[in-house]
Amino acid sequence: MDPVVWFFALGLAAGLAKSDLRMPPAIYDLLSMVLLLTIGLKGGVELARAPLAGLIPQVIAVLAMGFVLPFLLFPAARLFGRVSRADAASLAAHYGSVSVATFAVGVAFLVDRNVAYDSQLPLFLVLLEVPAIVVGILLARRVAAAQRWGKLLHEIFLGKSIVLLVGGLLIGWLAGPDGISSLEPFFFDLFKGVLALFLLEMGLIAATQAKALRDNGVFLVLFGVLVPLPMATIGALVGWMIGLSPGGTTLLAVLAGSASYIAAPAAIRVAVPEANPTLSLTASLGVTFPFNIFFGIPAYFKIAGLLHGGGG
Amino acid sequence: MDPVVWFFALGLAAGLAKSDLRMPPAIYDLLSMVLLLTIGLKGGVELARAPLAGLIPQVIAVLAMGFVLPFLLFPAARLFGRVSRADAASLAAHYGSVSVATFAVGVAFLVDRNVAYDSQLPLFLVLLEVPAIVVGILLARRVAAAQRWGKLLHEIFLGKSIVLLVGGLLIGWLAGPDGISSLEPFFFDLFKGVLALFLLEMGLIAATQAKALRDNGVFLVLFGVLVPLPMATIGALVGWMIGLSPGGTTLLAVLAGSASYIAAPAAIRVAVPEANPTLSLTASLGVTFPFNIFFGIPAYFKIAGLLHGGGG
Amino acid sequence: MDPVVWFFALGLAAGLAKSDLRMPPAIYDLLSMVLLLTIGLKGGVELARAPLAGLIPQVIAVLAMGFVLPFLLFPAARLFGRVSRADAASLAAHYGSVSVATFAVGVAFLVDRNVAYDSQLPLFLVLLEVPAIVVGILLARRVAAAQRWGKLLHEIFLGKSIVLLVGGLLIGWLAGPDGISSLEPFFFDLFKGVLALFLLEMGLIAATQAKALRDNGVFLVLFGVLVPLPMATIGALVGWMIGLSPGGTTLLAVLAGSASYIAAPAAIRVAVPEANPTLSLTASLGVTFPFNIFFGIPAYFKIAGLLHGGGG
Amino acid sequence: MPDDSRKLVTIVTEAALEHEVCGELEDLGAAGYTVSNARGKGSRGVRDAGWSSSSNVRIEVICGDDVANRIEQHLRRKYYDHYAMIIFESDVRVFRPDKFF
Amino acid sequence: MPDDSRKLVTIVTEAALEHEVCGELEDLGAAGYTVSNARGKGSRGVRDAGWSSSSNVRIEVICGDDVANRIEQHLRRKYYDHYAMIIFESDVRVFRPDKFF
Amino acid sequence: MPDDSRKLVTIVTEAALEHEVCGELEDLGAAGYTVSNARGKGSRGVRDAGWSSSSNVRIEVICGDDVANRIEQHLRRKYYDHYAMIIFESDVRVFRPDKFF
Ligand SMILES: Nc1ncnc2c1ncn2[C@@H]1O[C@H](COP(=O)(O)O)[C@@H](O)[C@H]1O
Ligand SMILES: Nc1ncnc2c1ncn2[C@@H]1O[C@H](COP(=O)(O)O)[C@@H](O)[C@H]1O
Ligand SMILES: Nc1ncnc2c1ncn2[C@@H]1O[C@H](COP(=O)(O)O)[C@@H](O)[C@H]1O
Ligand code: NA
Ligand code: NA
Ligand code: NA
């Protein structure tokens with residue numbers, strides 16, 4: 001087990017035991033900014049190193065997956081959990097979108113095992129963040145409130161995470177491997193340490209979801225544990241079909257299997273106010289996130305290995 | 001002189017000169033979190049490297065020291081300073097407990113001189129934090145208010161510093177030297193820099209104690225300067241008797257000679273409200289802390305050297 | 001182009017597009033503290049390495065330049081911009097003083113090109129910060145309000161930036177190259193990364209000046225773009241005359257051509273309240289800062305090269 | 001002096017709404033507003049500053065009776081059903097009354 | 001309309017007491033509370049936010065007269081002697097009165 | 001009980017003035033004050049906490065009528081023309097009245 005995930009466990013334990021350990025919001029913001037920039041820069045540098053010919057079809061396939069996934073998730077939540085239309089749409093948006101922290105743990109997992117991954121994965125991370133949110137909003141309100149779409153899309157596309165990811169990608173791509181070398185000590189060498197602190201805070205936050213988990217009972221746990229695997233399998237299949245390496249396939253599976261807990265909650269809160277924000281956040285942060293970093297990622301790595309004809 | 005202690009001097013000078021230099025509380029929290037985790041991780045990795053057979057008797061000896069020291073400090077404060085029972089108990093709790101920042105400066109001192117220290121020292125740091133606080137509270141109220149002990153012990157044991165130290169120890173121990181290597185750039189390589197910034201803030205805080213120092217006159221200075229040496233000598237003797245190396249003996253002396261300014265003030269404030277919080281904090285932070293980092297640590301290193309038959 | 005300046009562009013673009021990206025004030029404080037300490041430490045270490053004989057005449061020349069520049073700037077602003085006496089004095093103070101961030105980008109520029117610079121430059125940075133502010137205040141009020149000078153000078157000299165720069169210089173000088181080595185991973189290796197994040201925030205702040213820029217029209221842009229070059233040329237000439245290396249000459253030109261946006265605004269706000277703070281800040285931060293990091297620094301490097309008989 | 005008395009309307013709500021609500025306050029005629037970060041507990045549970053999207057802001061507006069009423073009507077209609085929000089109002093005396101409508 | 005008037009009780013005290021005091025507020029019948037960070041100066045000297053254990057919090061509770069009285073009695077008895085604390089009370093008008101006891 | 005009523009004077013102004021204003025409050029007879037960080041918008045435009053020199057502080061003083069008047073006179077005369085500042089006053093009831101002049 002990668003030691004960074006123990007930091008999540010430490011935060012979770014401290015939170016559940018009602019320790020007074022707390023991370024100031026400013027530090028959370030700093031850590032998440034650095035993580036987003038690091039992922040973007042890393043991807044940009046790689047893109048600069050080996051510019052990609054066949055990128056367009058891959059982009060189309062990934063975007064298509066981003067639009068299709070919520071249509072599978074919505075009826076699942078409706079039938080399976082008997083939640084309201086708004087809540088089902090919210091869950092579809094959260095689970096169709098992606099989690100940057102899970103992606104970062106996935107990257108750390110591959111780096112530890114010296115498994116390379118395709119340079120366009122951070123780009124796919126960006127591409128997958130938005131479509132599910134848009135579909136989720138449509139599912140909730142049937143295109144109503146059209147007057148607010150402009151504002152909403154502005155908020156989603158210019159949200160912090162996309163700006164930093166895309167900005168990092170561009171800067172990494174413009175600067176290239178040489179240009180970026182003086183930034184490496186900060187952004188690349190510290191990556192695991194920054195991720196460790198970030199996961200500590202994620203554990204503390206996840207612990208605050210415990211009460212909601214108790215209240216909303218079995219549904220959330222089941223949804224949060226059962227949904228990732230099929231989603232990730234779809235992601236792995238798409239990755240394999242568009243010709244990603246085993247590492248890249250793993251990461252696309254991680255993206256598909258992960259649930260957003262930053263961009264989606266913020267957008268859905270504004271666009272679908274009647275959805276209960278605790279429901280989706282608890283499932284995403286309190287169940288699926290820990291499930292993925294402890295069990296999901298190794299499993300998706302296995303699946304990718306099987307698809308690529310190895311033993312994982 | 002290690003350059004990190006000059007950062008303390010810089011902060012102190014800036015504070016006394018009423019500079020507008022200030023460190024945001026969030027940064028103080030970040031720095032102290034990283035220091036605590038680093039000390040814990042370092043200890044855990046070392047424990048994993050050379051698992052210890054004779055740890056149990058050492059633990060017992062250190063715990064015993066932790067319970068005995070406040071019984072020496074309490075009458076000293078009563079007789080010597082003629083302070084109230086509550087204040088004497090508070091001083092006993094502060095000086096019987098330990099200071100993580102002083103320990104960190106001690107570690108930096110040894111590292112600079114290439115002196116190794118036993119891997120269980122961070123564990124002893126944890127062990128010594130609590131007993132004196134408990135004894136101090138007992139000395140103040142004679143077991144009264146028994147109904148609040150549960151809550152109090154919860155607060156002490158699940159306080160931020162113990163959670164992070166123990167968490168770091170466990171993670172370091174679980175991960176071992178190899179697992180931790182990707183965390184080294186963040187937690188180990190930056191250690192001195194983080195400590196430098198932390199000491200800068202400690203200097204700024206110590207400067208705010210100056211007024212209290214002027215008001216409470218000679219007693220605080222004398223207490224803060226005269227108490228550490230005998231305490232540290234006891235610590236060095238215990239370290240020598242339980243078979244620590246010269247480096248480990250030095251650090252146990254540092255622990256015994258240092259005074260808590262985080263865990264003890266918080267706990268005593270709640271449990272012994274009639275104690276004047278300024279008194280103990282000023283002695284601990286405004287007098288003993290600078291005394292130790294400038295003069296104490298080199299002296300304790302000498303004492304450990306003498307005990308181990310060298311010239312220091 | 002050095003990738004760090006792209007971070008400024010990213011912040012500017014995000015701010016202008018009204019992204020919700022924001023850096024917490026605590027992080028801004030941390031980054032600027034680290035930058036100031038780094039610049040000071042670097043200079044101090046260099047001073048320790050090669051103690052300077054002829055420093056006194058150089059110091060006098062640089063101080064003289066600091067006192068003279070605002071006397072050139074004040075009439076320029078009066079005639080050229082037809083602004084009030086107070087506003088012209090404020091502009092003279094801002095542009096006569098210096099910008100630490102611009103200096104840091106200049107240092108990064110030279111490091112990238114393996115161009116050495118004289119070790120006393122950080123000292124000159126300190127020396128140039130204050131005189132123009134004092135002259136600016138005098139120009140605004142003709143020595144009135146003499147009773148407040150004591151307080152004012154205290155505020156300027158004990159402002160955060162001077163304390164940290166001078167403190168860093170002293171610590172670096174006391175510790176020397178060997179003593180400082182354990183601080184290098186934090187303060188030196190991370191320098192570019194810290195600068196990148198800082199510039200990201202600078203871009204976000206500069207974007208908030210856009211409205212003021214539109215309102216105050218052409219004057220601010222012209223002033224902010226046209227003033228740096230002649231100022232920097234004077235700086236380069238002084239540097240060349242006092243015998244600085246090409247790198248040092250470049251940095252003295254950068255200092256002369258840069259405009260303060262921390263020390264000067266704070267001091268002028270208190271001492272010359274009738275000056276419009278938006279005017280000077282917008283010119284300094286919204287126009288001159290980006291002009292310098294994108295175009296000014298390379299140009300000043302060329303000028304220094306020409307003076308030193310090379311082709312730049 | 002009746003003409004220096006105004007209403008102080010205080011709104012405690014989700015941090016995510018700060019931008020939107022402040023824009024609306026201006027549209028409704030407020031001459032200004034003051035915002036600070038807060039945390040708290042209410043009918044919608046604990047809202048703690050640990051994580052910005054789950055914390056609160058505390059918005060204060062000084063204004064005349066009319067604007068106060070308009071603000072309260074608007075916020076109540078638009079946000080009360082689905083968002084954590086409280087509004088309360090008190091009487092204050094201002095200096096330089098011309099600054100506040 | 002007398003039924004929409006409530007008391008706003010504001011407590012400024014040591015940050016270390018936040019957790020304890022807020023728990024007690026609920027026990028005493030408050031339907032909610034709002035907390036923000038503060039610094040200040042009073043009879044117990046300067047309390048500055050530079051270091052969390054020496055800074056203040058500012059706690060606001062909106063409640064009826066009874067609860068307000070109970071809160072004030074309790075806090076005064078338990079904390080006034082040994083802790084930095086001030087309490088003050090003012091009259092406010094609330095919207096959605098059913099949310100506040 | 002008329003003797004437990006005091007004025008609560010609230011000042012919202014530029015963060016750079018905190019130190020100076022708080023010193024003056026004491027000179028003018030205030031027994032204490034409470035400060036918190038704020039941001040906002042007023043006649044002098046947006047003042048946002050993103051950068052400390054452009055953000056606001058919110059200063060509260062509880063005091064008697066006389067001190068309140070003196071504070072308001074002084075601040076108005078010294079700062080109103082050139083600095084972003086608002087002042088407002090309300091009536092509060094305090095506990096332990098001996099703590100406030
Ligand atoms: N009775 C109250 N007194 C003070 N603040 C309250 C009260 N009730 C709610 N709040 C604040 O208003 C926010 C939203 O309230 P609610 O919509 O009831 O969850 C809470 O998070 C608290 O910060
Ligand atoms: N007269 C006052 N006006 C406003 N705030 C005050 C006043 N007196 C005390 N405070 C606040 O209450 C805290 C505790 O007060 P004290 O118990 O008097 O030290 C202080 O740190 C201030 O933040
Ligand atoms: N009508 C208002 N209501 C609440 N706060 C205000 C109001 N007007 C101004 N302020 C606050 O006072 C600060 C200074 O106001 P001004 O001097 O008008 O720019 C602003 O930045 C706001 O934080
Ligand atoms: Na997903
Ligand atoms: Na001790
Ligand atoms: Na200049």
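Letters A, B, ... are given to chains in the order of the sequence lines, protein chains preceding strands, and every chain is numbered from 1. Just so we're clear, the structure is a prediction, and the values are computed from it rather than from any experiment. Scope of the values below: all heavy atoms of this structure, side chains included, with no hydrogens, waters or symmetry mates.
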Region of Val111(A) in contact with chain B, defined by heavy-atom distances below 4.5 Å: neither
Segment of Ile156(B) engaging chain A (4.5 angstrom heavy-atom cut-off): neither
Proximity breakdown for Leu195(A) and chain B, heavy-atom pairs closer than 4.5 Å: neither
Residues in side-chain contact (heavy atoms from CB on, under 4.5 Å) contact with Ala175(A), at least two apart in sequence or another chain: Ile180(A), Pro3(C)
Separation of Leu37(B) CG from Leu10(A) CG (nearest 0.5 Å): 7.0 Å
Within 6.0 Å of CZ in Phe294(A), more than 12 heavy atoms from elsewhere: yes
Toward chain B, the part of Phe191(A) with a non-hydrogen atom under 4.5 Å: neither
Segment of Leu170(B) engaging chain A (4.5 angstrom heavy-atom cut-off): neither
side-chain contact (heavy atoms from CB on, under 4.5 Å) against Phe67(B), all qualifying residues, sequence neighbours excluded: Pro131(B), Val135(B)
Between chain B and chain A, which N/O donor-acceptor pairs sit under 3.5 Å?
residue: His154(B); atom: NE2; partner: Ala17(A); partner atom: O; Å: 2.8
residue: Leu158(B); atom: O; partner: Ser19(A); partner atom: OG; Å: 2.7
residue: Leu158(B); atom: O; partner: Asp20(A); partner atom: N; Å: 3.4
residue: Lys160(B); atom: N; partner: Asp20(A); partner atom: OD1; Å: 2.8
residue: Ser182(B); atom: OG; partner: Lys192(A); partner atom: NZ; Å: 3.0

Side chain, backbone, both or neither of Val166(B) within contact of chain A (heavy atoms, under 4.5 Å): neither
For Ala196(A) against Leu183(B), the heavy-atom pair lying closest together: CB-CD2, 4.0 Å
Max heavy-atom pair count under 4.5 Å with chain A, selected residue of Val163(B), Ile171(B), Leu164(B): Ile171(B)
side-chain contact (heavy atoms from CB on, under 4.5 Å) against Ala26(B), all qualifying residues, sequence neighbours excluded: Pro24(A), Ala26(A), Ile27(A), Ala26(C)
